[in-house]
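Only one structure is covered here, and it is reproduced in the block below.
Chain identifiers are assigned alphabetically (A, B, ...) following the order of the sequence lines, protein sequences preceding nucleic acid strands; residue numbering begins at 1 within each chain. Atom set for the values below is all heavy atoms of this structure, side chains included, hydrogens, waters and symmetry mates excluded.
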Number of protein chains: 2
Amino acid sequence: MTKTLNPTCTLQDNRLNDVLRSCDGCTARSKAICADLTKEELSALNAISRRRQLRPGQPIISDQEQPEYFAIILSGTVKQTKVLPDGRQQIVGLLFPSDFVGWPFETHGSHHAEAATAVQLCSFPAQQFERLVRQHPGIQHHLFRYALSQLDAAQDWMLLLGRKTAREKVASLFTMIAKRSRGPDTCDFDSQGRERFALPLNRSDTADFLGLTLETVSRQFRVLKDNGVIRLDGPRMVTILDPAALDIAATSPFV
Amino acid sequence: MTKTLNPTCTLQDNRLNDVLRSCDGCTARSKAICADLTKEELSALNAISRRRQLRPGQPIISDQEQPEYFAIILSGTVKQTKVLPDGRQQIVGLLFPSDFVGWPFETHGSHHAEAATAVQLCSFPAQQFERLVRQHPGIQHHLFRYALSQLDAAQDWMLLLGRKTAREKVASLFTMIAKRSRGPDTCDFDSQGRERFALPLNRSDTADFLGLTLETVSRQFRVLKDNGVIRLDGPRMVTILDPAALDIAATSPFV
DNA sequence: CGACACTTTGACTGTAGTCAATGTAAGTGG
DNA sequence: CCACTTACATTGACTACAGTCAAAGTGTCG
């Protein structure tokens, strides 16, 4: 299992332990909502920020509680879930580095968000952050646009849940995760230049994300593997062998 | 088919044809994003507003085009759709009176919105509206909170699409439409005080909203009717006979 | 009246779900 | 070092829910 980084990747130092916590070296700086903020807005944000590390399964926002803090994801993956009274579960959002977790001004909130993998966050105390958003329309503007992109993603996922076959759902998951893993710091290719990523979810969570059972997920993984579309190095490590075939599998109901 | 309005309803005059187009008599005034705006913000909005009437099927925002205008729905229902290359369709949003149609500052937008029924809109030219939003953080704040409520609704629907049975989906649709129809102006009860509403979608669109086929939708309507949960007066007119049973049917997979 | 759009119903099929057993890998303690 | 546990994943056999295909029914409009 050789692992070589794409030569175009420029590894940046997070300096997670820096006392100064400067935004300059932050890996999320160029993509998160803090991108394009004015110097003033950015330093106001930075002044109330705090780094956090979460273990898999640790909650960020618990159902029925006011969130303690909001955060930008620096590394790792966060899952948002909704559950029915009898326990059936649906993952309604997967959040990746540079994504924002939690929504200011939300009152109702039947939300639950937790770390799917180990996660590093840049967090902001809830009330201070809300005050900051009120003071700086620029920050609100970016949050608004980010919310719209999340809404669009949710609606794309509705199309997947309502209209795609199991095969298409699994293939779409792979293309989505590959796309989100494509960043200057996080991209990963094997020795032959083929895209590769670690799934942030186990089979059960994957099923809850795709609206399937874990057995069906496992079987569809196998089919894509047998067809030479992907390779599996362990149950979580996926290499895309045939990107074109994967794209077809993600939008065509037959085969 | 007797139709009596709930005595608590206070019918207001839309004055759709008034030249002055005052917001004072507007039916959406108290619930739409224009609620809680300052006098200044409201009059700025009002100054660029224009009433529009749409026939069923008429598009508001076409896929791949910059929207011409944004709008608040005064009456009727609007559907947002996403389609796969091979034509499979999913309705990703149903919008009711007081809802906002279209999103300022959106660039990508694989959005399509069209009138599901006859629709009356209070519309705003896209560019003028965007300029207004930039100038008035208060308007943006309301739009932001509205976007969050739409995101929450989308995620609730993801739970429905991914995890509910056909029976539950249809029952959930009825509870959702009943809830949205419950307004001071639009509520409708039969002679015995039972809640009643007209479905804004035909069977095919209903199927596209619930992630089912139209035949399955038709059969589940029949089961709920046979069980005495609802009554159908024509294919579109639903009366809720047993609200408790309907709530159970909406969240319990067995029967 | 016939044309058309929409809906209902029936018979059959197939995809994904269910239930159960087995496989795999990492971690624990004797 | 090796049983044993635990969590997760795979595979198989069978089932059932919803989909497909087809026909008939209903209502509206010209």
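- Note: CG (B:Asp208) to P (D:dG19) measures 11 Å, nearest angstrom.
- Residues satisfying the side-chain hydrogen bond (donor to acceptor under 3.5 Å, both in side chains) test with B:Thr165, not counting sequence neighbours, are B:Glu168.
- Taking a 4.0 Å limit (strictly below) on heavy-atom distances, residues 198-207 of chain B does not reach DNA chain D anywhere.
- B:Lys169 meets the side-chain hydrogen bond (donor to acceptor under 3.5 Å, both in side chains) test with no other residue; sequence neighbours excluded.
- If you measure from atom CZ of A:Arg236 to atom P of C:dA26, you get 13 Å, rounded to the nearest angstrom.
- The stretch residues 236-253 of chain B participates, sequence neighbours left out, in no salt bridge (charged side-chain N to carboxylate O under 4.0 Å, His left out) pair at all.
- The list of salt bridge (charged side-chain N to carboxylate O under 4.0 Å, His left out) pairs with a residue in residues 92-101 of chain B, not counting sequence neighbours, reads B:Asp99-B:Arg180.
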I'd like a table of donor-acceptor pairs (distance under 3.5 Å, sequence neighbours excluded) in which one partner is a side-chain atom from residues 220-230 of chain B, with atom names and distances.
unit_1, atom_1, unit_2, atom_2, d
B:Gln220, OE1, B:Arg167, NE, 2.6
B:Gln220, OE1, B:Arg167, NH2, 3.4
B:Arg222, NH1, B:Asp226, OD1, 3.2
B:Arg222, NH1, B:Asp226, OD2, 2.3

- Item | Letter per nucleotide, 5' to 3', of nucleotides 9-19 of chain C [B base touched, S only sugar-phosphate touched, - untouched; heavy atoms, 4.0 Å] | BBB----SSBB
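- Checked against side-chain hydrogen bond (donor to acceptor under 3.5 Å, both in side chains), B:Thr206 has no partners two or more places apart in sequence or in another chain.
- Look at CG on B:Leu224: it is 17 Å from C1' on C:dT7, rounded to the nearest Å.
- Residues satisfying the salt bridge (charged side-chain N to carboxylate O under 4.0 Å, His left out) criterion with B:Glu114, sequence neighbours excluded, are B:Lys79.
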Shorter than 3.5 Å, N or O on both sides, protein versus nucleotides 26-30 of chain D: list them out with atom names.
none

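- Here the side chain of A:Arg203 pairs a donor or acceptor atom with the backbone of A:Pro235 at under 3.5 angstrom.
- Scored by the side-chain hydrogen bond (donor to acceptor under 3.5 Å, both in side chains) test, B:Arg52 finds B:Ser123 as partners (sequence neighbours excluded).
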What pairs of donor and acceptor atoms, side-chain ones from residues 208-217 of chain B against any protein atom, are under 3.5 angstrom apart with sequence neighbours left out?
unit_1, atom_1, unit_2, atom_2, d
B:Asp208, OD1, A:Arg163, NH2, 2.9
B:Thr213, OG1, B:Thr216, N, 3.4
B:Thr213, OG1, B:Thr216, OG1, 3.1

